[in-house]
Amino acid sequence: MLTERQQLILATIIRDYAKTGRAVGSKTLLNELDLTVSSATVRNEMALLEELGLLQKEHTSSGRVPSQRGYRYYVDELMRQHRLSKVVQESLEHVFSRNFQEIDDLMQTMVNELASLTGYTVLALKPESADIRLSGFRLVPINGQQIMAIIVTNDGQVTSQSFRLPEGMSVNNLNDMVDYINKTLVSQPIVEVLRTLTGDLPWQMERTIRTPVAFLQLFGDVLARSIHDKVFIGGYLNVLDFTTDSSLQDIKQLYQLLDSAIDMRRVVGTANDGVMVQIGDENGNSLLSPYSLVSATYRVAQYGVGAIAILGPTSMRYADMIGLVDAFRGALAQQLLEYYR
């Protein structure tokens with residue numbers, strides 16, 4: 001158990017190091033804090049905090065910097081939440097009061113705004129798409145034999161893919177198949193439709209109309225893309241600003257990790273109802289050990305669970321980041337729920 005003075009010294013070193021990136025010495029602490037003790041006493045307290053593993057020395061300075069354990073103690077025991085600033089409130093208004101055509105537009109706008117606010121890298125995942133349903137399917141002629149296949153889902157997502165018809169075939173030859181799909185498959189979950197494509201759907205369609213196998217493959221490809229889980233990233237290059245001693249290969253692998261929806265869902269988890277802070281090695285992946293990740297999941301009624309995360313240095317402003325993640329996830333969940341309704 002730390003004394004009140006030791007807690008004050010630790011919290012001040014963490015705050016100053018976050019601001020300056022430089023080790024903090026006893027003279028700086030005496031100037032900042034209203035302590036009626038000598039510089040030697042402060043140095044002794046700092047040495048004790050170092051023995052406890054909460055501070056560590058930098059080779060180039062006589063001052064101290066926080067350790068991973070020190071940051072964890074600070075977040076768990078010393079950190080105080082504060083009200084959102086006017087800038088953050090205006091940012092929330094800017095993102096969530098705008099009209100958007102697709103959910104992807106909202107997600108990307110949000111992560112870009114958060115990245116601009118923080119200077120860090122921001123990641124977000126939409127709610128998992130187990131209940132995303134087919135709203136409509138159509139084919140649009142483009143030029144000559146070039147056709148655009150378009151799928152609309154109930155979350156407002158529009159997915160398209162162009163393809164070329166064989167010579168001698170026109171879009172009119174496919175109208176019966178398009179009508180069949182819209183009459184029998186609309187309002188069904190996409191995952192169920194995909195299963196039927198490898199089951200009895202081809203046989204059912206064959207009983208009614210002549211169905212080219214290539215057409216069903218195309219339809220299945222566009223369907224799969226419509227529910228493709230992706231990571232929305234804002235401040236993609238910001239992570240380079242606080243990356244040190246990493247090889248190009250490490251950075252390449254880090255970006256591959258951040259781009260993987262499966263990996264990022266595993267990192268941020270789904271069971272935590274509050275905001276989670278993972279520091280250094282707590283991230284459970286060596287590529288993320290130089291960083292801290294502040295993340296939270298959000299639930300949108302029956303539509304599933306999504307996530308927001310801020311990736312930054314271990315010296316990040318934890319209280320600010322926790323407040324931002326909590327505010328933005330709440331606003332996002334409400335916005336998505338209204339959109340789905």
Side-chain angles (χ1 to χ4, degrees), residues 1-88 114-122 235 238-246 275-283 288-294 310-326:
M1 184 66 180
L2 299 185
T3 65
E4 184 176 340
R5 185 165 65 198
Q6 291 165 350
Q7 290 180 348
L8 182 61
I9 289 173
L10 177 61
T12 303
I13 290 175
I14 287 175
R15 184 193 66 211
D16 285 3
Y17 187 64
K19 286 182 179 179
T20 68
R22 295 192 297 270
V24 182
S26 58
K27 184 177 180 180
T28 299
L29 291 169
L30 279 174
N31 289 336
E32 289 189 28
L33 302 176
D34 187 20
L35 297 176
T36 56
V37 295
S38 66
S39 179
T41 299
V42 174
R43 286 196 296 270
N44 288 337
E45 297 281 39
M46 293 168 69
L48 179 59
L49 291 171
E50 185 179 357
E51 288 179 13
L52 293 173
L54 302 176
L55 295 178
Q56 57 192 24
K57 268 188 179 181
E58 274 198 341
H59 299 300
T60 57
S61 170
S62 60
R64 304 294 196 282
V65 299
S67 66
Q68 179 177 318
R69 186 175 178 183
Y71 284 123
R72 172 48 60 195
Y73 184 90
Y74 170 78
V75 170
D76 292 344
E77 305 293 340
L78 305 180
M79 186 181 66
R80 297 290 180 266
Q81 290 291 323
H82 44 257
R83 298 177 62 181
L84 296 177
S85 68
K86 184 178 179 181
V87 171
V88 173
L114 269 174
S116 177
L117 275 174
T118 63
Y120 300 149
T121 295
V122 180
N238 287 355
V239 68
L240 300 179
D241 293 337
F242 43 86
T243 296
T244 57
D245 301 326
S246 293
V275 178
M276 182 167 60
V277 178
Q278 294 163 271
I279 304 170
D281 296 336
E282 296 171 2
N283 287 304
L288 296 174
S289 60
Y291 313 102
S292 284
L293 192 73
V294 176
I310 296 177
L311 181 72
T314 54
S315 60
M316 68 162 54
R317 306 179 306 277
Y318 288 99
D320 291 341
M321 298 307 105
I322 291 170
L324 280 171
V325 167
D326 198 33

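Positions are given from 1 along the sequence.
Taking CD1 of Ile13 as the reference point, atom CG of Leu8 lies at 10.0 Å (rounded to 0.5 Å). Summarising the geometry, atom OH belonging to Tyr17 is positioned 6.5 Å from atom OG1 belonging to Thr314; distances are rounded to the nearest 0.5 Å. The distance from atom CG of Leu35 to atom CG of Asn31, rounded to the nearest 0.5 Å, is 10.5 Å. Taken from CD in Gln278 to CG in Asn283, the straight-line distance is 5.0 Å, to the nearest 0.5 Å. Atom-to-atom distance recorded for Ile279:CD1 and Ser67:OG is 9.5 Å, nearest 0.5 angstrom.
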Is there a side-chain contact (heavy atoms from CB on, under 4.5 Å) between Val122 and Leu117 once you walk through the steps?
-> CA-CA 10 Å; Val122 180; Leu117 275 174; over 6 Å; no

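With sequence neighbours excluded, the residues satisfying side-chain contact (heavy atoms from CB on, under 4.5 Å) with Leu2 are Gln6, Gln7, Leu10, Leu49, Leu52, Leu54, Tyr73. Listed by chain and number, the residues in a side-chain hydrogen bond (donor to acceptor under 3.5 Å, both in side chains) with Arg22 amount to none (sequence neighbours excluded). Every ring-ring contact (aromatic ring centres under 6.0 Å, His included) that Tyr318 has, sequence neighbours left out, goes to Tyr71. Residues passing the salt bridge (Lys or Arg N to Asp or Glu O under 4.0 Å) test with Asp320 are Arg317, sequence neighbours excluded. Scanning for side-chain hydrogen bond (donor to acceptor under 3.5 Å, both in side chains) contacts around Thr118 gives an empty result, with sequence neighbours left out. Residues satisfying the side-chain hydrogen bond (donor to acceptor under 3.5 Å, both in side chains) criterion with Ser289, sequence neighbours excluded, are absent altogether. Residues meeting the side-chain contact (heavy atoms from CB on, under 4.5 Å) test with Thr243, sequence neighbours left out: Val239, Ser246, Ile251, Tyr291. Residues meeting the side-chain contact (heavy atoms from CB on, under 4.5 Å) test with Gln81, sequence neighbours left out: Met79, Ile322. Listed by chain and residue number, Asn238 satisfy the side-chain contact (heavy atoms from CB on, under 4.5 Å) test with Asp241 (two or more places apart in sequence, or in another chain).
Here the closest heavy-atom approach between residue Leu30 and residue Val37 is recorded as CD2-O, 3.6 Å. In terms of heavy-atom proximity, Ser26 sits nearest to Ser39 at OG-OG, 3.1 Å. Scanning both residues, Ala115 and Gly235, for their nearest heavy atoms gives CB-N, 3.4 Å. A pairwise comparison of heavy atoms in Ile9 and Met46 identifies CG2-CG, 4.1 Å as the closest pair. Listed here is the closest heavy atom pair of Pro66 and Gln56: O-NE2, 3.9 Å. Here the shortest heavy-atom pairing between Ser292 and Gly280 reads OG-N, 4.2 Å.
Screening residues 30-48 for salt bridge (charged side-chain N to carboxylate O under 4.0 Å, His left out), with sequence neighbours left out, gives Arg5-Glu45, Arg15-Glu32. The salt bridge (charged side-chain N to carboxylate O under 4.0 Å, His left out) contacts involving residues 68-77 comprise Arg72-Asp76, Arg72-Glu282, where partners must be two or more places apart or lie in separate chains. Sorted by first and then second residue, the pairs that involve residues 46-55 and meet salt bridge (charged side-chain N to carboxylate O under 4.0 Å, His left out), not counting sequence neighbours, are Glu50-Arg64.
The shortest side-chain heavy-atom distance between Phe242 and Met316 does not fall under the 4.5 Å cut-off. Leu114 is listed as a side-chain neighbour of Leu324, based on a closest heavy-atom distance under 4.5 Å.
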